[in-house]
Amino acid sequence: MTTNQSRIAWGAVALLSLGVAGYAWHYLLPGAFAPPGIKENPRAYPWLFVHAGLAGTAMALGPFQFLPRLRLTRPRLHRWIGRTYVFACLTGGSAGLLLATGSTAGPIARVGFGALAVTWLAVTSMAWRMALARRFDEHRRWMIRSFALTFAAVTLRLYLPIGAVLGFQFLDAYRAIAWLCWVPNLLAAELYLARRPFRAPQPAGA
Ligand code: HEM
């Protein structure tokens, strides 16, 4: 990818992420709109609001952590955004796991969202551990996986209208998308990482 193509790709990802984060935060306003079945989820009060607020924060912050300039020129800011991102993923993901157990879309959706939540919590925790251990190449690789999962919130909202245009019933599409919104994202992250070999930390002075 040329530098220009990477900039365009980053801009598109950031724009979609900020758009979906803004949509998520609208739940914090009175009288928020929700798609069918969401407010009927028995765990919705208060977990939908905790989830939308915090997972939305992770979504809005994630893209900025991949800007090499910010990492190199403002390392303290990178660390503070990173801590907030990890906190938002772990709390927003735990609320997502609780919501998953109550999804009114049935067991396929419950297990799909539940597996996404558990994977998101595990992958983000690994990324955090690697940063604390100063294993920065591994940290970067786990963060790429983590953000690929955060981005499920965008892919879900892109696939729902596509499902409707293709003529699928809302519930059938929703159940399939509970899996399709994240499994291909994770595979794409793995393919990307496979083409970039892992760089083991160099001993000091090497
Ligand atoms: C990546 C892990 C995530 C998991 C496991 C997850 C899980 C869930 C679940 C189970 C629901 C309720 C669905 C239902 O009752 O059928 C939900 C709703 C919602 N989630 Fe997430 N979510 C995740 C990420 C995100 C992110 C990053 C955002 C932020 C942009 C987000 C924003 C929302 C919103 C706004 C809703 C309400 C439904 C709607 O208006 O579309 N989620 N999530």
Side-chain angles (χ1 to χ4, degrees), residues 13-65 84-127 142-164 169-186 188-189:
V13 166
L15 214 66
L16 286 166
S17 300
L18 289 172
V20 173
Y23 166 71
W25 289 332
H26 103 283
Y27 274 95
L28 305 177
L29 302 171
F33 153 87
I38 299 294
K39 284 189 177 168
E40 290 71 28
N41 184 323
R43 319 259 186 275
Y45 299 89
W47 300 115
L48 178 58
F49 305 94
V50 173
H51 173 69
L54 288 159
T57 302
M59 178 98 265
L61 293 178
F64 297 95
Q65 293 299 78
T84 314
Y85 173 86
V86 168
F87 174 78
C89 288
L90 298 184
T91 46
S94 305
L97 181 58
L98 287 172
L99 284 172
T101 63
S103 175
T104 55
I108 296 175
R110 282 185 206 139
V111 179
F113 286 131
L116 166 61
V118 170
T119 316
W120 200 36
L121 293 172
V123 161
T124 309
S125 303
M126 275 305 285
W142 283 105
M143 272 304 176
I144 288 172
R145 295 181 180 107
S146 169
F147 188 69
L149 294 172
T150 308
F151 204 68
V154 170
T155 40
L156 178 135
R157 286 166 186 87
L158 293 175
Y159 298 159
L160 282 175
I162 295 175
Q169 293 286 326
F170 176 80
L171 257 188
D172 292 339
Y174 192 75
R175 286 170 183 144
I177 291 169
W179 293 91
L180 290 175
C181 68
W182 66 277
V183 176
N185 291 13
L186 198 52

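Start at 1 and go down the list; that is how both ligands and their atoms are numbered.
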With heavy atoms only and a cut-off of under 4.0 Å, state how Asn41 meets ligand 1: side chain, backbone, both or neither. side chain

Counting from 1, what ligand 1 atoms have a heavy atom of Ala24 closer than 4.0 Å? 29 (C), 30 (C), 35 (C)

Heteroatom proximity flag, Thr104 to ligand 1, N/O under 3.5 Å: no

Close approach, Tyr174 and ligand 1, non-hydrogen under 4.0 angstrom: yes

Atom 23 (C) of ligand 1: which protein heavy atom is closest, and how many Å away? His51 CE1, 3.4 Å

Under 4.0 Å from ligand 1, counting heavy atoms only, is it the side chain of Leu48, its backbone, both or neither? side chain

Check ligand 1 against Ala100 and write out every atom of the ligand that is under 4.0 Å from a heavy-atom position of the residue. 10 (C)

Sub-4.0 Å heavy-atom approach of Tyr23 to ligand 1: yes

Please write down residue, atom name and distance for the protein heavy atom closest to atom 30 (C) of ligand 1. Val20 CG1, 3.5 Å

Side chains of Thr101 and Arg110: any donor to acceptor distance under 3.5 Å? no

Lys39 side-chain N/O to Ala32 backbone N/O, donor-acceptor pair under 3.5 Å: yes

Could you find the nearest protein heavy atom to atom 3 (C) of ligand 1 and give me its residue, atom name and distance? Leu116 CD2, 3.7 Å

Near Gly56 (heavy-atom distance under 4.0 Å), the atoms of ligand 1 are 29 (C), 30 (C)

Is Ala152 close enough to touch ligand 1? Criterion: a residue heavy atom under 4.0 Å from a ligand atom. no

N/O donor-acceptor pair under 3.5 Å between Arg175 side chain and Ala105 backbone: yes

Within a strict 4.5 Å, meaning less than it, do heavy atoms of the Val86 and Met143 side chains meet? yes

With a cutoff of 4.0 Å, is Ala34 in contact with ligand 1, counting heavy atoms of the residue only? no

Donor-acceptor pair, side chain of Asn41 and main chain of Gly37, under 3.5 angstrom: no

Among protein heavy atoms, which lies nearest atom 5 (C) of ligand 1, and at what distance? Phe113 O, 3.3 Å

Any side-chain heavy atom of Phe33 within less than 4.5 Å of one from Tyr23? yes

Closest protein heavy atom (residue, atom, distance) for atom 9 (C) of ligand 1: Leu99 CB, 3.9 Å

Is any side-chain heavy atom of Phe113 less than 4.5 Å from a side-chain heavy atom of Val118? no

Regarding Trp120 and Thr150, do their side chains bring together a donor and an acceptor under 3.5 Å, going by distance alone? yes

Which atoms of ligand 1 have any heavy atom of Thr150 under 4.0 Å away? 27 (C)

In terms of its nearest heavy atom to atom 33 (C) of ligand 1, the top option of Arg157, Arg175, Met59, Arg43 is Arg157

Is there a side-chain contact between Thr57 and Phe87, using heavy atoms and a 4.5 Å cut-off? no

Parallel under 30°, tilted from 30 to 60°, perpendicular over 60°: which one fits the rings of Phe147 and Tyr85? tilted

Could you tell me which atoms of ligand 1, counted from 1 in the order shown, lie closer than 4.0 angstrom to a heavy atom of Ala117? 5 (C)

Looking at Ile144, I want to see if its CD1 is surrounded by more than 12 non-hydrogen atoms of other residues, nucleotides or ligands under 6.0 Å. yes

protein heavy-atom neighbour closest to atom 38 (C) of ligand 1 works out as Tyr27 OH, 3.6 Å

Do Ser103 and Tyr174 have side-chain heavy atoms sitting under 4.5 Å apart? yes

Within 45° cone of Trp142 ring axis and under 6.0 Å: Arg145 NZ or CZ: yes

With atoms numbered from 1 as shown, which atoms in ligand 1 lie under 4.0 angstrom from a non-hydrogen atom of Leu149? 1 (C)

Heavy-atom distances under 4.0 Å are what count here, so tell me which part of Trp120 touches ligand 1: side chain, backbone, both or neither. side chain

Hey, is Ala153 touching ligand 1 through its side chain, its backbone, both or neither, going by heavy atoms under 4.0 Å? side chain

